[in-house]
Amino acid sequence: MYEQVSHTLLNDILNRIKPEISEQDLRHFYTRLGANFYGIHSLFQRLYGDRDDFADLAQQLVETMAQQYIKRPVKLRQLDLAREKDYNWFLSQQWIGMALYCKGFAGTLSGLQERLHYFQELGINLVHVMPVLRCPEGSSDGGYAVSDFHEINPELGTLEDVQLLAEEMQKRDILLVLDVVVNHTSNKHFWATRARAGEKKYQDYYYSFENRNIPDMFEQSMPEIFPETAPGNFTWDEEMGRWVMTVFNDFQWDLNYSNPTVFIEMLNIILFWANQGADILRLDAVAFLWKKIGSTCQNEREAHLLLQLLKDCCQVTAPGVVFIAEAIVAPVEMVKYFGEDAVIAKECEIAYNATFMALLWDAVATKNTRLLNQGIKSLPVKLERATWLNYVRCHDDIGLGFDDRDILLCDYEPVRHRKFLVNYFTGKHDGSHARGLPFGQNAKTGDTRISGSLASLVGLEYALETGDNKAIGDSIKLILLLHGMILSFGGIPLLYYGDEIGTLNSDTYRDDPNKKGDTRWVHRPSIDWDKAERRNMPGTVEYEIFSALKRMIAVRKEIDVFADFNNRDLIEVENPYLFVFGRYHLKKPNEQVLVVANFSNKPQHLNLEDLGSWWSQYRPLVDLYRGESPDIFKNSLVIPGFGFYWLCER
Ligand code: OTU
């Protein structure tokens with residue numbers, strides 16, 4: 001868009017630009033800058049326009065983008081051009097992800113590089129390596145408390161190891177996902193150290209206060225994220241003699257984005273990591289970026305403007321890189337992180353589908369699909385060219401963040417229903433064999449979340465202990481059913497490391513004083529590679545899960561309609577144990593796949609009439625995953641207990 005005010009500013013900036021920038025051939029950079037500058041200017045103006053130094057700040061912003069463009073390796077610039085052409089590249093059904101801790105998966109970064117064949121064996125071609133940056137010894141929230149945004153944790157390796165890993169992954173067509181922890185730094189970051197030493201410049205990078213007046217006002221409306229280990233949202237820093245805002249742990253200091261210097265610093269860091277070869281950047285805790293007294297300090301309008309600005313700037317320097325929004329918030333809030341508009345107010349291309357994850361767990365506990373169907377019916381339609389990250393488990397807890405209205409529509413009482421779910425997954429409910437642990441219990445609000453590995457939550461730990469073969473079989477079926485859902489729903493499926501071989505809870509974190517208060521460590525395993533070898537031995541649990549997932553992944557990659565173009569219809573059927581949806585092709589009406597899942601442990605019937613136009617009596621159905629026709633009895637499709645189908649007409 002051509003608009004005079006922003007164009008004049010752009011001309012001024014380009015006239016004043018440093019010679020080391022103006023001497024370079026930056027053709028593509030300038031084309032993109034011109035295209036995005038109207039947006040960049042208006043967002044930057046809305047956020048920081050009332051400052052006297054606005055023009056200088058705008059100059060710095062553009063120079064930051066230009067300098068990182070100059071540093072962008074030629075290979076990555078070529079990739080940018082290729083992805084500009086193939087702009088829907090990230091919507092393809094070809095991508096299958098896995099998230100892991102480098103240490104727990106492979107010890108070190110070079111160890112991880114040696115294990116790349118494992119991903120290829122399973123069919124994984126997108127790997128999220130959780131934070132590998134320098135962090136405090138002792139408590140570091142699994143790396144989410146960063147002490148240096150440019151240096152690698154020496155336990156894991158060096159920056160060169162990351163570059164080598166990225167190169168090797170690129171050769172093998174595996175995408176690299178890295179985190180940028182944008183909301184906070186560790187209290188050992190040099191910005192924090194300088195703030196503590198009394199430097200006003202760095203104190204302004206954070207939110208700090210000399211007394212409790214303002215903190216107390218904030219506390220009136222701010223919830224607590226880690227109520228057990230880090231109650232309250234402020235921490236007294238003895239050395240600085242001030243209260244610091246620490247929404248997460250007391251060693252994680254929240255960054256102050258009302259300071260434009262913080263924005264430019266963090267943009268610079270994002271572009272730095274784009275230049276190290278990350279294909280996708282996961283922006284941690286984005287809902288929290290803007291703090292306002294009287295609000296929950298989550299999902300604020302300005303948090304969205306910041307993300308739009310980050311996106312517009314990143315598109316100029318590194319347009320091949322896409323963002324994942326990690327915003328574990330209410331369903332209506334979640335979709336807003338894609339942006340308001342697919343072109344002029346874009347935010348993150350990918351977002352965690354925490355709603356679908358929690359709803360799947362509801363179906364596991366209730367063994368019916370009432371809330372799952374209701375929740376998906378209410379899930380707002382997302383923007384074009386935006387896609388979900390669909391997952392069953394991740395390194396965090398399971399929050400029961402459903403919409404209360406949906407719970408009520410299913411004739412459950414919200415407080416009681418959530419209590420039932422917590423009791424179910426912690427094994428307190430009669431007949432439950434789940435082995436989860438409570439996380440984030442909040443005495444004031446009654447809220448509780450759940451920790452535990454997938455296998456332990458679906459009863460595999462119990463089943464193996466008791467040697468109950470039927471129960472072992474059921475747990476495996478549930479693991480496969482849940483993966484069958486994230487692989488077909490629409491979006492990028494993200495597996496969690498260890499789940500592909502049925503890894504159980506691990507208690508060793510209790511011996512570590514820095515971890516024992518945080519039950520999430522129960523499901524952050526160190527992979528036992530000897531045990532993982534059993535994936536090649538038929539008859540073992542590891543084999544049953546691994547080989548089935550491998551097949552499912554291979555089949556998914558062949559099904560075009562599984563690419564995500566908002567091409568899914570939820571199909572409401574009478575049977576309350578079934579979850580049924582159809583995936584269709586926007587241009588080829590004959591290409592469609594019907595997904596039918598049974599969350600009860602007993603066989604269920606699906607009346608074919610319920611399927612309407614999704615079924616025609618003249619063409620037999622075949623299950624693409626098994627390559628067989630499903631059983632039909634008296635005009636009903638029969639689905640075995642915990643079974644699922646990916647059906648197409650043959
Ligand atoms: C994220 O988590 C990370 O995934 C966690 O591992 C970190 O502890 C946390 O940020 C702090 O860096 O911010 O938007 O229920 O879901 O803490 C959601 C807790 C987050 C997590 C929440 C989450």
Side-chain angles (χ1 to χ4, degrees), residues 99-101 103-104 128-133 135-136 139-147 149 177-187 189 222-230 233 245-255 266 281-291 296-300 303-304 307 323-331 333-337 347-348 350-355 357-358 361 389 391 393-401 422 436-442 445 447-452 494 496 509 514-515 517-524:
L100 53 89
Y101 282 104
K103 190 168 178 206
H128 171 207
V129 185
M130 280 185 277
V132 291
L133 297 181
C135 55
S139 293
S140 67
D141 195 14
Y144 284 97
V146 176
S147 304
F149 286 106
V177 186
L178 292 177
D179 280 85
V180 182
V181 185
V182 281
N183 177 68
H184 43 262
T185 74
S186 102
N187 59 351
H189 192 285
M222 282 175 93
E224 293 172 308
I225 307 302
F226 299 142
E228 296 159 308
T229 46
N233 290 287
M245 185 184 277
T246 54
V247 170
F248 292 90
N249 289 294
D250 54 13
F251 50 85
Q252 288 164 309
W253 289 19
D254 286 71
L255 286 164
M266 295 313 288
L281 294 173
R282 172 193 185 273
L283 306 184
D284 184 58
V286 288
F288 296 82
L289 292 182
W290 198 265
K291 316 299 200 277
T296 57
C297 298
Q298 288 181 42
N299 309 314
E300 285 300 310
H304 289 286
L307 289 168
F323 290 164
I324 299 177
E326 195 253 352
I328 313 302
V329 293
E333 295 297 336
M334 217 167 59
V335 289
K336 294 184 187 163
Y337 290 90
E347 293 180 26
C348 300
I350 308 172
Y352 276 76
N353 198 347
T355 303
M357 180 276 297
W361 284 106
L389 206 57
Y391 62 112
R393 284 301 287 116
C394 73
H395 69 294
D396 282 332
D397 49 287
I398 301 171
L400 306 175
V422 172
L437 297 171
F439 175 79
Q441 275 181 302
N442 189 325
T445 61
D447 276 353
T448 305
R449 285 119 74 187
I450 296 148
S451 287
L494 184 72
Y496 184 59
Y509 76 101
N514 295 311
K515 292 180 178 159
D518 186 338
T519 58
R520 291 177 299 174
W521 288 100
V522 82
H523 59 255
R524 296 173 173 178

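In this chain, residues are counted from 1 in sequence order. Just follow the structure's listing: the first ligand is 1, and inside any ligand the first atom is 1.
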- Query: If you count the atoms of ligand 1 from 1 in the order shown, which ones are under 4.0 Å from a heavy atom of Phe288?
  - Reply: 13 (O), 14 (O)

- Task: Around atom 7 (C) of ligand 1, find the nearest protein heavy atom and jot down its residue, atom name and distance.
- Result: Asp141 OD2, 3.2 Å

- Note on the structure: Closest to atom 18 (C) of ligand 1 (heavy atoms only, candidates Glu326, His395, Arg524) is Glu326

- Per-atom contacts, ligand 1 versus His184 - under 4.0 Å to a heavy atom: 11 (C), 12 (O)

- What are the atoms of ligand 1, with element, lying closer than 4.0 Å to any heavy atom of Asp397? 15 (O), 19 (C)

- Query: Does at least one non-hydrogen atom of Met130 fall below 4.0 angstrom from an atom of ligand 1?
  - Reply: no

- Note on the structure: Counting heavy atoms under 4.0 Å, the part of Ile328 that contacts ligand 1 is both

- Item | Under-4.0 Å heavy-atom contact with ligand 1, by part of Asn183 that carries it | neither

- What part of Arg282, side chain, backbone, both or neither, has a heavy atom within less than 4.0 angstrom of ligand 1? side chain

- Task: Measure the spacing between CD1 of Ile225 and OG1 of Thr246 and express it to the nearest 0.5 Å.
- Result: 11.5 Å

- Task: Heavy-atom contacts with Phe226 under 4.0 Å: which atoms of ligand 1 show up? List them by number with element.
- Result: 8 (O), 17 (O)

- Message: Tell me if the aromatic rings of His184 and Phe288 count as close, with their centers under 6.0 Å from one another.
- Response: no

- Query: For Asn442, does its backbone N or O pair with a side-chain atom of Asp447 as donor and acceptor, under 3.5 Å?
  - Reply: no

- heavy-atom search around atom 1 (C) of ligand 1 in the protein gives Asp284 OD1, 3.0 Å

- Message: Please check this pair: side chain of Gln252 against backbone of Tyr144, looking for a donor-acceptor N/O pair closer than 3.5 Å.
- Response: yes

- Task: Evaluate the criterion side chain to side chain contact (heavy atoms under 4.5 Å, CB included) for residue pair Phe323 and Val286; output intermediate values, then yes/no.
- Result: CA-CA 11 Å; Phe323 290 164; Val286 288; over 6 Å; no

- Rounded to the nearest 0.5 Å, what separation is found between the CG atom of Leu400 and the CH2 atom of Trp361? 11.5 Å

- Message: Checking Glu326 now: which residues fulfil salt bridge (Lys or Arg N to Asp or Glu O under 4.0 Å) with it, not counting sequence neighbours?
- Response: Arg282

- Atoms of ligand 1 close to Ala285 [distance to a heavy atom under 4.0 angstrom, numbered from 1]: 13 (O), 14 (O)

- What is the nearest protein non-hydrogen atom to atom 15 (O) of ligand 1, stated with its residue, atom name and distance? Arg449 NH2, 2.8 Å

- Task: May I ask you to check whether Tyr391 and Tyr352 place their ring centres under 6.0 Å from each other?
- Result: yes

- Message: Would you say that Thr185 contacts Leu255 through its side chain, given a criterion of any heavy-atom pair below 4.5 Å between the two side chains?
- Response: yes

- Sequence neighbours excluded, which residues qualify as salt bridge (Lys or Arg N to Asp or Glu O under 4.0 Å) partners of Asp396? Arg520, Arg524

- Task: Distance to 0.1 Å, residue and atom name: give those for the protein heavy atom nearest to atom 22 (C) of ligand 1.
- Result: Phe248 CE2, 4.2 Å

- Query: For atom 6 (O) of ligand 1, which of Val182, Ile225, Asp396, Ile398 has the closest heavy atom?
  - Reply: Asp396

